[in-house]
Amino acid sequence: MELIDGKKISLEIKAEIAIEVENIKKAGGKVPHLAAILVGHDGGSETYVANKVKSCEEVGFKSSLIRFEDNVTEKELLAKVHELNNDNDIDGFIVQLPLPKQINEQAVIEAIDSSKDVDGFHPVNVGRTVIGLPSFISATPFGIIELLKRYKIEISGKHCVVLGRSNIVGRPISILLSQKGSYGDATVTVLHSRSKNLEQICASADIIIAALGQPEFVKANMVKQGAVVIDVGTTRVKSELTKSGFKLTGDVKFDEVAPKCSFITPVPGGVGPMTIVSLLRNTLLAAKKEIYK
Ligand code: GUN
């Protein structure tokens, strides 16, 4: 069994991005600039956004954090989105989710200029991904594909089971893995809460992508000997063993599943660290106008 070290790979990618930024600067080019809109003071969102801003600094990007209080109106938020769309200094931006209930999240996502949508949530980017056009791919699926590539895990012709069908992870990763070409060509089964024979189908998979958000859902009996297991789960479960009072728990019962695997991602330190570097990669692509030329 080999552990897939997302932390190590993410540091390698950050170093690669930092070199690119240096080269852009040396050539007199514009430093990539990512902006993030954060509404309210949710603890999880604050941490995510702080990490995104910190990561920008680490690779030499410019970053801007724009804050609104919880009672912001949809009109005010949309006005800021339009302002960022038209700001030539901003290469890409994100609106951290979730948003307060008075705001229609989908309307905000759709207001973002798709050429600046480095989260890859805009329907234009999702649609372009589906038909294999260059697009911003959302951070988690982008990160998973990169981990598979860097560990040279063959996926062509393999049976991949994706557990979960969310817009952000399950749906896009199932599309990417089944696409024609490099890091595609897999036979993909998407399993979800209404699936029958879920355990049996899982146990026939060469590769399992667990993205349900249900702690320790995948048990040893659901995993074939030699399978590759990618755990996307990051649920905060109460724990007396940690200072913070909670433990980040994956969708896979790691201790019993790991011995059966050829490769497995840990939680934390697997897929998680890859998501932020994927956002940085998208920002670099946006700055270089490599998706929308
Ligand atoms: N909330 C949780 N994950 C994400 C993400 O990747 N992007 C945004 N914008 N909000 C999130």
Side-chain angles (χ1 to χ4, degrees), residues 6 10 13 33-56 61 63-68 70 72 74 77-78 80-81 84-85 90-101 103-126 129 135-147 164-173 176 209-213 230-236 246 248-251 267-268 270-286:
S10 72
I13 296 174
H33 186 176
L34 174 74
I37 299 181
L38 174 61
V39 179
H41 301 273
D42 171 75
S45 293
E46 291 266 6
T47 307
Y48 281 132
V49 172
N51 282 333
K52 289 170 187 177
V53 169
K54 183 169 148 265
S55 299
C56 281
F61 285 2
S63 67
S64 298
L65 173 58
I66 298 143
R67 305 193 72 123
F68 286 97
D70 263 325
V72 66
E74 189 173 309
L77 200 53
L78 288 174
K80 180 53 80 177
V81 167
L84 297 180
N85 283 343
I90 306 272
D91 297 295
F93 66 98
I94 63 154
V95 180
Q96 187 66 25
L97 306 177
L99 293 170
K101 56 183 180 312
I103 292 169
N104 178 347
E105 232 165 60
Q106 195 57 29
V108 173
I109 290 171
E110 289 185 30
I112 298 172
D113 181 333
S114 59
S115 70
K116 294 192 176 188
D117 167 42
V118 285
D119 256 334
F121 291 170
H122 192 287
V124 167
N125 281 314
V126 178
T129 301
S135 61
F136 292 116
I137 297 167
S138 57
T140 306
F142 196 16
I144 294 171
I145 297 284
E146 193 58 30
L147 280 181
R165 52 181 166 180
S166 70
N167 287 347
I168 293 180
V169 187
R171 182 71 56 208
I173 192 72
L176 292 167
I209 315 273
L212 289 162
I230 307 291
D231 188 352
V232 184
T234 48
T235 309
R236 291 173 173 213
F246 68 84
L248 218 51
T249 306
D251 286 355
V267 175
V271 174
M274 294 299 291
T275 59
I276 289 187
V277 292
S278 299
L279 178 68
L280 298 177
R281 289 178 77 196
N282 275 342
T283 305
L284 191 58
L285 290 171

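Residues: numbered from 1 along the sequence shown. Owing to the predicted nature of the structure, the values given are computational and were not obtained by experimental measurement. Every number for a ligand or one of its atoms is a count from 1 in the order of the listing.
Between P98 and ligand 1, no pair of N/O atoms sits closer than 3.5 Å. Polar contact with ligand 1: absent for I94 (N/O pair, distance under 3.5 Å). On a distance-only criterion, Y48 and ligand 1 share no N/O pair closer than 3.5 Å.
Within a 6.0 Å radius of CG in D70, more than 12 heavy atoms belonging to other residues, nucleotides or ligands are found.
From K80, atom NZ reaches atom CG of N85 across 11.5 Å, with rounding to the nearest 0.5 Å. With values rounded to the nearest 0.5 angstrom, F61 atom CZ is found 5.0 Å from L284 atom CG. With rounding to the nearest 0.5 Å, the separation of OG in S115 from CG in D91 is 10.0 Å. Separating the NZ atom in K52 from the OG1 atom in T275 is a distance of 7.5 Å, to the nearest 0.5 Å. Distance CD1/I209 to OG1/T140: 11.5 Å, rounded to 0.5 Å.
Residue contacts with ligand 1, taken as heavy atom pairs separated by less than 4.0 Å, involve V95 solely via the backbone atoms N, CA, C and O.
Residue contacts with ligand 1: E105 is excluded, as none of its non-hydrogen atoms falls under 4.0 Å.
Protein heavy atom closest to atom 9 (N) of ligand 1, with residue, atom name and distance, is D119 OD2, 2.6 Å. Residue, atom and distance of the protein heavy atom nearest to atom 10 (N) of ligand 1 are L97 N, 3.0 Å. In this structure, atom 4 (C) of ligand 1 lies nearest to the protein heavy atom Q96 NE2, 4.0 Å.
Heavy-atom proximity to K52, at under 4.0 Å, picks out these atoms of ligand 1: 5 (C), 7 (N).
Screening S138, S166, P141 for a side chain to side chain contact (heavy atoms under 4.5 Å, CB included) with I173, the sole residue that qualifies is P141.
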